[in-house]
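To start, the structure itself, in structure tokens.
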Protein chains: 2
Amino acid sequence: MLNQVTDLDRVFHALSDPGRRLMLERLSEGPASVSELGRPLAMSLAAVVQHVQVLEDSGLVRSQKLGRTRTCRLNPATLRSAEHWISESRGLIERRLDRLGEYLAESAGSPDPGPAGTAS
Amino acid sequence: MLNQVTDLDRVFHALSDPGRRLMLERLSEGPASVSELGRPLAMSLAAVVQHVQVLEDSGLVRSQKLGRTRTCRLNPATLRSAEHWISESRGLIERRLDRLGEYLAESAGSPDPGPAGTAS
DNA sequence: CGCATACTCAAGCGCATGCTTAACCAAGTG
DNA sequence: CACTTGGTTAAGCATGCGCTTGAGTATGCG
């Protein structure tokens, strides 16, 4: 719950690249080799390897080498932790907005009394 | 569904910074001013403004200036689109793993028949 | 064996990011 | 009015990121 923060850094950063997301989408349909992941991407194999490394460092992907090919597979648990962070924040504010809506509906006409609370 | 991709770039990139996530958590409890968002962050106001700019470009945050203070508030819709992308990928692979589990339970002993499909 | 395949590693390059300081402006406050 | 507070903008700098090339290693195949 605390050092997960730095984990989230890596996860969201990994997710912020369209090429890496494409790899993940591919991986969500089943395991794949490194060169297979990079095939639709128009870049050198070395670059693909670096992307895979980012994904693996983030925990989104795990891989193992069998013979001379490295097989990657998605790790849903890490994906879930990112999803969890988002849904927490989103849930929080949506509940807040709901309550605000009710409040405004009840006492229509009054301005927001104190949205931020401690305003120094 | 298509040009959302570049939007997701910005959203996930915005989420990849711990300071920005802290701002979002703050914002999920209600609107706040720029200097208020930056108070716990140990950096100059100018830097905070730049972070807010990133959040706003991503669509995660909207703001309006009233008097001399800019008030920021969270936009749950954008948060939801990021959550949606993740849950899609995660759902896909978890269903796949479930099916694989059933398959392995039924015909125990057989190897995976063809996980990637088109292996060229 | 020789040759292709599938990476792996290191160095380097250009550009973006994250921050700083400094100057500036506008809005409240005494 | 002077002064402070809150924010904006621009310039500059250090670091990191994404990619390349080039060389090397290990595996599979005929």
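Residue numbering restarts at 1 for every chain, and letters A, B, ... go by the order of the sequence lines. Note that the structure is predicted; figures quoted are calculated from it, not measured.
Contact annotation: A:Thr69 does not reach the phosphate of C:dT5 (side-chain N/O to OP1 or OP2, under 4.0 Å). B:Lys65 has no side-chain polar atom (N or O) that falls below the 4.0 Å cut-off from OP1 or OP2 of C:dA27. Taking 4.0 angstrom as the limit, A:Ser35 places a side-chain polar atom (N or O) nearer than this to OP1 or OP2 of C:dC7.
Between A:Ile86 and the choices B:Ile86, B:Val11, B:Leu24, the side chain to side chain contact (heavy atoms under 4.5 Å, CB included) rule is met once, by B:Ile86.
Here A:Ser33 pairs with A:Ser35, A:Glu36 under the side-chain contact (heavy atoms from CB on, under 4.5 Å) rule; sequence neighbours left out. Partners of B:Ser63 by side-chain contact (heavy atoms from CB on, under 4.5 Å), not counting sequence neighbours, listed by chain and number: B:Glu56, B:Arg70, B:Cys72. The side-chain hydrogen bond (donor to acceptor under 3.5 Å, both in side chains) check on A:His13 picks up nothing, with sequence neighbours excluded. Partners of B:Gln53 under the side-chain hydrogen bond (donor to acceptor under 3.5 Å, both in side chains) rule, at least two apart in sequence or in another chain, are B:Asp57.
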Mark up nucleotides 25-30 of chain D, 5' to 3', with B wherever a protein heavy atom is under 4.0 angstrom from a base atom, S wherever such an atom reaches only the sugar-phosphate, and - elsewhere.
--BS--
Nucleic acid footprint by protein, nucleotides 14-25 of chain C - heavy-atom cut-off 4.0 Å, B for base, S for sugar-phosphate alone:
---SSBBB----
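In this structure, the side chain of B:Thr78 engages the main chain of B:Gly59 through a donor-acceptor pair within 3.5 Å. The main-chain N or O of A:Pro76 is never found under 3.5 Å from a side-chain atom of B:Arg90 such that the two would form a donor-acceptor pair.
Taking atom CG on B:Leu37 and atom P on D:dG7, their separation rounds to 9 Å, with Å as the unit. We find that CD of B:Gln53 is positioned 12 Å from P of D:dA10, with the value rounded to whole Å.
Neither side chain, B:Glu83 nor A:Trp85, offers a donor N or O lying under 3.5 Å from an acceptor on the other.
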